[in-house]
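See below for the structure under consideration.
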Amino acid sequence: MKTIVCMKQVPSSNEVRLHPVTKTIIRDGKASVINPFDASALEQAVQIREKLGGSITALSMGILETAELLRDGISRGCDEAVLLSDCAFAGADTLATSYTLSLGVDKIGDFDLILCGKMAVDGDTAQIGPELAQTLGIPYATDVIEILEVDETKITVKRGIDGGTQVITLPYPALITVVKEIQKPRLPSIQSIGDSLQKEITIYTAPELGADETRTGLNGSPTEVVQTFIPENKVDCVELTGSIAEICKSIATIRQEVK
Amino acid sequence: MKYIHPISEEYQEYLKDESRTTGNANTISFPTSEKEVVEIVKHLYQNQETITIQGARTGVAAGAVPKTGHAMNFSKMNGITGCTVENGRFLFGVEAGHSLIALNQKIGTKKMDTTGWSQESIAAFHEFLDAPMQFYPPDPTETTCSIGGMVSCNASGARSFSYGSVRNHIDGLRVVLADGELLHLKRGQNFAKDRVLELVTESGKQIKLDLPKYKMPTTKNASGYFVEDNMDAVDLFIGADGTLGIVTHITIVTSPLPQEIWGVSCFFASEKLALDFVIAVRKEKENIAALEYFDPNALEILRIQKKSGTAFKQLPEIPEAYVACVYCEIHTDTKELAQETMFRIGAKMKATGNNPEHTWVARNDGDLKTLQFFRHAVPECSNMIIDARKKVEPIITKLGSDMSVPNDSLQAVVDLYQTTLEAENLEYAIWGHIGDNHLHVNVLPKNAEDFYKGKELFKHWAKETSAMGGAVSAEHGVGKIKANFLEIMYGKEGIEEMRALKQSLDPSGLLNIGNLFDVEEVAK
């Protein structure tokens, strides 16, 4: 079982403090950490490996310092780590990032399952997982809250949806994005941290990945951030049960009511 | 008087504290300023009414539980009154009722209400904003405690292993005496000559104090009055259990926040191996801020609570092979130094026959919270057990020891606790500040008989730990619950000297009666 876990480096604190006079940000000097959702994804991958064997490769795109974060991932259970780092990747939105990550996945080669955190705590977009799966052309499930069954050929997951849950089975290769609560990340030991320092992190640049530089970094990022806000959920969800005929009838009724 | 209210139904909760002891009072007040405190005290002094001072009532020695008379509650004096910078250190004036948790938050977020501050204070506060992050090192487990309460019992916490108790982090006090006279004490300005201390109140009244002659233990200590030759006047009122004066205002000193705070929970196959490790690691204690212990019973309590599906299910899984645990907290300014210290801990584990793989390391805030949750879960779980048993047997209360001994008595004191507890067939769990040989032994009585057996054991331990050169209270204060232990520790003569000191400042014995001494004895 070959698993890839995508990891992002995020600030350790979301709280921004402003100097009352200069209005500049007061830095707390705290280091960056693994995005908590990705840390849960890693723990889930480790538990799958404990059951089925195999290997886990951590994958990240970022500056060279991100290697430290990947080393942290190794101390928590990853076998290998790959960092995609190049000036050409700077300023990437989710589309450019997922393209670049897809090249990293291609470089890693054979894999069965990719695990991503549902979202990153700094951006909150929840787009990387689905976009990466689309780019790779593999099936995916988002918002996974529980792994129900996993074997060498497929994985059955329970995912959260508006108003309920949904159970999906995905054949490999596949990608899932997981919620933070799916697993509590384990803590590394002194021994595993020591071992992680001996591990080499593989670093690939844009040319080494054969990247199309019109699709990476700022060049490949059509997104323009105009405003950030928390969207209001205006959608009501109703769970429909019964036979297919009954469900169809219910849908027809709802459509009638909406009109 | 407008500030004084009769004790009615709505004030019943102010007759007890976290020790689960209930007392009595006729009246209560909630002063909002030092001026009001003085007015109330003068009024009560005229009527010779006793006063019991209350902070957040989180103490476990019943220090804030009134026996009779008046209860003065400081919950409405909870502001920060100013900031100064002295020799690169930041000093904040804090009212006695201010909670520790709110203070930590204000320092950590650098957000403070500066309304009413002087121009100098505001200028100093701007320096604070520009300075590297600061923190207030004393860290008692109960963070909702008040700063005044911490001063009265010389509180500490896990990090006192490196930073010392609250005494080390106080630069000044404002104190209202029993007759309403006001003392303003600043560290470094008024020292005793040998054991004679002279104080001058703000109105110019001179008070000469003959300090007790006893020698304090060299261990962590919060038992009775702090006295030593040529001592600073500030220190006399810290840890005095509110018996010498009413502390209204404290000048605290912050310290630079270490850039790296790491936690390492080390697990051991036996208690003996854990103790061997502690003895080895504290020989090179550099950068280690805390050494905390969890005995096998404490770990078992956590395993059971985790399975019970309560909020504690978030606790990490503790393998059965992990029998005892020592939590080490590393404070440094560089990652390299933190890593070096962590590996030194690993090497000490190996050298004492342990496995560095059996560790949990926290190198960021999130992981550190996990380890701190683990550490705080033990007392919380044991409180839950006691509360459940109390419903069946109301006489049962928490029985937690607070004694410390010198370094060379660590193994002996652990043996003492275990052999006596096993002989009495009592359920118990031991945890706490093993770096300072200051373990909290918690007896978990199943019935009234267990409860009384436990109380007797505590008296026995008070004798034994005092004989080892230790203290009967290392951080909770003596209050009312441990008043009988104080005499075991200092002898009758020591108590008489303390009593004479109190009478010099509070001749009628009005303040916090029952704390440290028995009430009738004070009146005599």
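Both the backbone and the side chain of A:Asp72 come within less than 4.5 Å of a heavy atom in chain B. With a 4.5 angstrom heavy-atom cutoff, A:Leu197 touches chain B only via side-chain atoms. Proximity to chain B is limited to the side chain of A:Glu68, based on heavy atoms less than 4.5 angstrom apart.
A distance below 6.0 Å separates the ring centres of B:Tyr163 and B:Phe135.
Cation-pi geometry between B:Lys110 and B:Phe128 is satisfied (NZ or CZ under 6.0 Å from the ring centre, within 45° of the ring normal).
In this structure, B:Glu317 does not pair ionically with A:Lys184, as no charged nitrogen and carboxylate oxygen lie closer than 4.0 Å. Under a 4.0 Å N-O distance rule, the pair B:Asp367/A:Arg76 qualifies as a salt bridge.
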